Amino acid sequence: MKDLFLVFVAAAIAVVTFSSCDILDPQDPGLLVPLTVDEDPLLPSISVNDTQLHSETIGNPNDPMIVVLHGGPGGDYRGLLNCSRFSADGFFVVFYDQRGSGLSRRHNKEVYTGQFYVDDLDAVIKYYRRKPDQRIILMGHSW
């Protein structure tokens, strides 16, 4: 009788467990990897140098600018978000996911050259720079 009860309990648990599971399609956008700025218009982004980059800023745009460059290629800026604390010290902190990284737009492989990354960095600085004499500090990780 005790064995029959245990079988019944195990069967009930299995039914509840499997009936509460959803079957997901791995082809659904955002399921296996997060949506990019092309796929989610609510993500903060900028359009520069013929691409769309996931980007956000913290602080007063008129203060000296710190541009935070994440590691990679292929990383993203999430691990460097503590750098936002520099805004309390009078800096305008700029984060962006580099071309093809993080939540930024993906491209065909032939556009991933060192020169494109330099050009993107230059375009990001020009996009956010408020005055010609605004001091720019590059803070990089890895690469």
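What you are looking at is a predicted structure, and each value in this text was computed from that prediction instead of being measured.
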Which heavy-atom pair separates Ser87 from Ile58 by the least distance, and what is that distance?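 Ser87 and Ile58 have their closest heavy atoms at OG-CG2, 3.5 Å.
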
Gly71 and Ser142: which non-hydrogen atoms are nearest, and at how many Å?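 Nearest heavy atoms, Gly71 then Ser142: CA-CB, 3.5 Å.
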
Verify the neighbour count for atom [atom1] of [X]: are there more than 12 heavy atoms of other residues, nucleotides or ligands below 6.0 Å?
| X | atom1 | result |
| --- | --- | --- |
| Phe86 | CZ | no |
| Asp50 | CG | no |
| His141 | NE2 | no |

Separation between CG (Asp38) and CZ (Arg105), nearest 0.5 Å, reads 4.5 Å

State the CG-CD distance between Leu43 and Glu56, to the nearest 0.5 angstrom.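 With rounding to 0.5 Å, CG (Leu43) is 10.0 Å from CD (Glu56).
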
Asp122 and Asp119: CA distance, side-chain angles, deciding distance, side chain to side chain contact (heavy atoms under 4.5 Å, CB included) verdict: CA-CA 5 Å; Asp122 185 53; Asp119 293 345; 5.6 Å; no

Would Tyr127 and Ile137 show up in the same hydrophobic cluster when neighbours are defined by side-chain heavy atoms closer than 4.5 Å? no

May I have the step-by-step check of side chain to side chain contact (heavy atoms under 4.5 Å, CB included) for Leu53 and Val48, ending in yes or no? CA-CA 8 Å; Leu53 303 175; Val48 295; 3.7 Å; yes

Is a donor on one side and an acceptor on the other found under 3.5 Å between the side chain of Arg106 and the backbone of Ser104?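 Between the backbone of Ser104 and the side chain of Arg106 there is a qualifying donor-acceptor contact (under 3.5 Å).
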
Among residues two or more places apart or on two chains, list those pairs meeting salt bridge (charged side-chain N to carboxylate O under 4.0 Å, His left out) that have a residue in residues 60-88.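 Checked against salt bridge (charged side-chain N to carboxylate O under 4.0 Å, His left out) - neighbours excluded - the pairs reaching residues 60-88 are Asp76-Arg78.
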
Examine the side chains of Gln52 and Ser47 and answer whether a donor and an acceptor come within less than 3.5 Å of each other. no

Would you mind reporting whether Tyr128 and Ile46 have side-chain heavy atoms less than 4.5 Å apart? yes

Any side-chain heavy atom of Thr36 sitting closer than 4.5 Å to one from Asp40? no

Side-chain donor-acceptor contacts of residues 90-103 below 3.5 Å, not counting sequence neighbours, with atom names and distances?
from, atom 1, to, atom 2, distance (Å)
Asp97, OD1, Tyr77, N, 3.0
Asp97, OD2, His54, ND1, 2.9
Asp97, OD2, Leu103, N, 2.8
Gln98, OE1, Trp143, NE1, 3.3
Gln98, NE2, His70, O, 3.1
Arg99, NE, Asp120, OD2, 2.7
Arg99, NH2, Asn49, O, 3.1
Arg99, NH2, Asp120, OD1, 2.8
Arg99, NH2, Asp120, OD2, 3.4
Ser101, OG, Gly74, N, 3.3

